[in-house]
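For the numbers below, each heavy atom of this structure counts, side chains included, while hydrogens, waters and symmetry mates do not.
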Amino acid sequence: MASISWCCLFCLFLAVFVAQVGFCSSSKVYVVYMGGKSGDDPDDVLSQNHHMLASVHGGSVEEAQASHLYSYRHGFEGFAAKLTDEQASQIAKMPGVVSVFPNLKRKLHTTHSWDFMGLVGEETMEIPGHSTKNQVNVIIGFIDTGIWPESPSFSDADMPPVPPRWRGKCQLGEAFNASSCNRKVIGARYYMSGYEAEEDSSRIMSFRSPRDSSGHGSHTASIAAGRYVTNMNYKGLAAGGARGGAPMARIAVYKTCWESGCYDVDLLAAFDDAIRDGVHILSVSLGPDAPQGDYFNDAISIGSFHAASRGVLVVASVGNAGTRGSATNLAPWMMTVGASSMDRDFASDIVLGNATKFMGESLSLSEMNASARIIYASEAHAGYFTPYQSSYCLDSSLNVTKARGKVLVCRHAESSSESKLAKSKIVKEAGGVGMVLIDEADKDVAIPFAIPSAVVGREMGRKILSYINNTRKPMSKISRAKTVLGSQPAPRIASFSSKGPNSLTPEILKPDVAAPGLNILAAWSPADGKMQFNILSGTSMSCPHITGVATLIKAVHPSWSPSAIKSAIMTTGKFLPTF
Ligand SMILES: *[C@@H]1O[C@H](CO)[C@@H](O)[C@H](O)[C@H]1NC(C)=O
Ligand SMILES: *[C@@H]1O[C@H](CO)[C@@H](O)[C@H](O)[C@H]1NC(C)=O
Ligand SMILES: *[C@@H]1O[C@H](CO)[C@@H](O)[C@H](O)[C@H]1NC(C)=O
Ligand SMILES: *[C@@H]1O[C@H](CO)[C@@H](O)[C@H](O)[C@H]1NC(C)=O
Ligand SMILES: *[C@@H]1O[C@H](CO)[C@@H](O)[C@H](O)[C@H]1NC(C)=O
């Protein structure tokens, strides 16, 4: 009976001297993973979990219960609990325990999301001739930030009753009542114990319910399964209707991601419930930082393994790190998706004083009414900043006297975490009227800049600088962004899309497929920026495109296994026109 561990004895000893009670006994949240289901009654599993916990809490059932966060007992077995390192290693040695690992945080796979706030957009969507007949029987689970159920993308108009297969529920909570679920959003749950245990609990968590405050979950769900919505357009940037890949499929919401990310113990609880609830496909637009841990210590690998073995296809995003070997969600039983471009761009014209016109990526909706002087930002360096530093248009690096009324050519370092949107604000504050941003890496990601602006690549940037250098009075004018269809070459792999090789199992290639993930318009949460729709980029957006395709296949071939669906997509994959 190791009722008082050495650690705690040491603690008592320390407490006497430095009055630091609780120094060693600080506990962390761990996942105790116990493999596949034993077939025991779920209630017995719970008491077994408590029993195991009590044995490391000196036999105290109360302490065991207080430390317990979740029991996993539907799709697989295990539990989550607050443990000291000592208790965790004791449990790891117990029979039946496969692995014990700490509750790590995972991140949503949207690129530089701060760059994308503040814009409503639109895209014209072609409707291919898919029969929607059996889609109503396919249930897609989204492990994400929740949903904005009132969005027209999630209307249940003309949908038949919920399929009898469905065993999930509509969990009520803040701003989420029974009528928030319908025949489209047939179920919704939320998980926050793991997040609350790790993050500063005084921070307000918005919508303690399945309601989406960030927009990400509504965006991904509508890409895969949004209803057809007419008249999505924003100040003429584009006009038309939009829909998801499988607009008649059912949506089940598993909200596990909060303000700063998603924790393992919450993710596992979502997988466990989704397997029992009867989803056919799970869409997971999030993942670990690269390099990812091995399969036995990664909640998404474990959860998706048991999902796949119960016939649930798990589609996941590969990540946005962009570099070689940075691919995540590597398990062979998942379908892992990289991001590509489409033949559609959002671009602004940059017209130089010598009448040459260049086109750069942009979502800015204001335009210059007249030509203005164009200078390299290094010429407007201020104070202690060197011209080189100022060429990156860093905060307070620009001299207002020199920048006022001008178009500035700024740089963006490759793999920099600086916000491009922020650079347009810095130029604006310095009195600039426009910005040309030279970005060698990510020139394709369209951004709703604060002033007329456009992102160009290295080659175009060199031409513009050479024009400035060789012209006595260089001038330029930047137009508002417009939709450009038929842009070539398309598709290309987006520069931010994480790449192989597979760092855990090199003989298995990852990602499995690529799908559009650049500048995707879909539903949004009005809680963020008061917008119904937004344009985002990331493998977060490409993942639900494949979820939508998989749903169409499942509708036509209900008996196909996850591997059969994955194989069908991988062996027939070619460029998919936008839905
Ligand atoms: C549920 O919430 C909606 C909107 O938040 C509200 O209009 C409706 O009256 C509520 N229904 C019930 C039964 O409370
Ligand atoms: C261009 O003119 C329009 C209409 O006169 C005005 O609303 C807009 O603010 C002007 N744009 C700039 C950048 O000055
Ligand atoms: C900005 O440029 C003006 C004119 O060249 C100069 O007089 C002033 O000192 C500069 N200000 C700063 C903060 O560098
Ligand atoms: C233009 O001139 C700047 C310095 O004035 C120099 O750094 C840059 O390399 C030149 N660029 C081109 C394309 O000539
Ligand atoms: C204008 O300047 C650009 C950049 O230097 C150059 O590529 C282009 O040929 C010039 N156009 C004319 C008409 O001189």
Side-chain angles (χ1 to χ4, degrees), residues 2 5-8 10-11 22-35 49-50 52-57 63-73 75-109 143 191-201 203 205 254 256-273 284 286-306 316 319 321 328-331 334 503-504:
S5 69
W6 284 110
C7 174
C8 287
F10 181 58
C11 251
F23 174 77
C24 286
S25 61
S26 77
S27 50
K28 293 187 299 230
V29 177
Y30 284 90
V31 173
V32 177
Y33 171 52
M34 302 176 67
N49 293 167
H50 281 151
M52 273 176 83
L53 271 171
S55 71
V56 297
H57 280 292
E63 276 181 48
Q65 281 173 348
S67 71
H68 177 265
L69 266 73
Y70 290 108
S71 276
Y72 308 121
R73 47 189 170 153
F76 46 92
E77 276 191 15
F79 58 92
K82 285 184 187 157
L83 301 169
T84 62
D85 292 349
E86 167 77 19
Q87 289 166 335
S89 55
Q90 273 180 276
I91 288 186
K93 291 182 202 119
M94 291 183 183
V97 174
V98 177
S99 58
V100 176
F101 55 94
N103 183 29
L104 294 181
K105 183 154 71 178
R106 314 303 180 178
K107 297 209 184 78
L108 298 167
H109 283 159
I143 298 186
Y191 307 85
M192 57 198 296
S193 306
Y195 187 88
E196 281 188 313
E198 303 288 352
E199 303 272 327
D200 181 0
S201 55
R203 261 180 69 183
M205 292 172 69
Y254 299 87
T256 50
C257 301
W258 304 85
E259 274 73 1
S260 81
C262 343
Y263 279 94
D264 275 346
V265 302
D266 297 330
L267 290 168
L268 275 175
F271 274 103
D272 191 38
D273 282 340
V284 185
L286 59 104
D289 287 335
Q292 95 171 65
D294 77 72
Y295 303 130
F296 288 113
N297 297 300
D298 175 55
I300 300 172
S301 301
I302 292 171
S304 61
F305 176 80
H306 292 286
T328 60
N329 288 329
L330 299 169
M334 283 193 243
S503 60
L504 271 184

Going by the angle between their ring planes, with limits at 30° and 60°, are Tyr72 and Phe76 parallel, tilted or perpendicular?
->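 The rings of Tyr72 and Phe76 sit tilted, inter-plane angle from 30° to 60°.
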Residue pairs passing the salt bridge (Lys or Arg N to Asp or Glu O under 4.0 Å) test where at least one lies in residues 292-306, sequence neighbours excluded |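 Output for this query lists Arg106-Asp298.
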Tyr30 and side-chain contact (heavy atoms from CB on, under 4.5 Å): which partner among Ile91, Leu69, Leu83, Val265?
->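 Output: one option passes, namely Leu83.
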Is there a donor-acceptor pair under 3.5 Å between the side chain of [X] and the backbone N or O of [Y]?
X      : Y      : result
Gln65  : His50  : no
Gln87  : Val56  : yes
Asp266 : Gly194 : yes
Asn103 : Ala81  : no

Mind checking what makes ring-ring contact (aromatic ring centres under 6.0 Å, His included) contact with Tyr254, not counting sequence neighbours?
->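 Not a single residue meets the ring-ring contact (aromatic ring centres under 6.0 Å, His included) criterion with Tyr254.
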Go through the structure and list residues passing ring-ring contact (aromatic ring centres under 6.0 Å, His included) with Tyr33, not counting sequence neighbours.
->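 ring-ring contact (aromatic ring centres under 6.0 Å, His included) list for Tyr33, sorted by chain: His306.
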How long is the span from the CD1 atom in Ile143 to the CD1 atom in Ile300, to the nearest 0.5 Å?
->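 Answer for the CD1-CD1 pair, Ile143 versus Ile300, is 8.0 Å.
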Side chain to side chain contact (heavy atoms under 4.5 Å, CB included) partners of Ala66, counting only residues at least two apart =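 Per chain and number, Ala66 pairs via side chain to side chain contact (heavy atoms under 4.5 Å, CB included) with no residue.
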Residue list, side-chain hydrogen bond (donor to acceptor under 3.5 Å, both in side chains) with Ser193, at least two apart or on another chain =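 Once residues adjacent in sequence are excluded, Ser193 has no partner under the side-chain hydrogen bond (donor to acceptor under 3.5 Å, both in side chains) criterion.
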side-chain hydrogen bond (donor to acceptor under 3.5 Å, both in side chains) involving His68 - partner list, sequence neighbours excluded =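 His68: side-chain hydrogen bond (donor to acceptor under 3.5 Å, both in side chains) contacts with Ser71.
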Is a side-chain donor-acceptor pair under 3.5 Å present for Tyr70 with Asp272?
->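 Side chains of Asp272 and Tyr70: no pair found under 3.5 Å.
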Quick one: do the Glu199 and Ser260 side chains pair a donor with an acceptor below 3.5 Å?
->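 Looking only at side-chain atoms, Ser260 and Glu199 do form a donor-acceptor pair, the distance falling under 3.5 Å.
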Run the salt-bridge test on Lys105 and Asp289 with the 4.0 Å N-O cut-off and return the result as yes or no.
->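 So Lys105 does not pair with Asp289 through a salt bridge.
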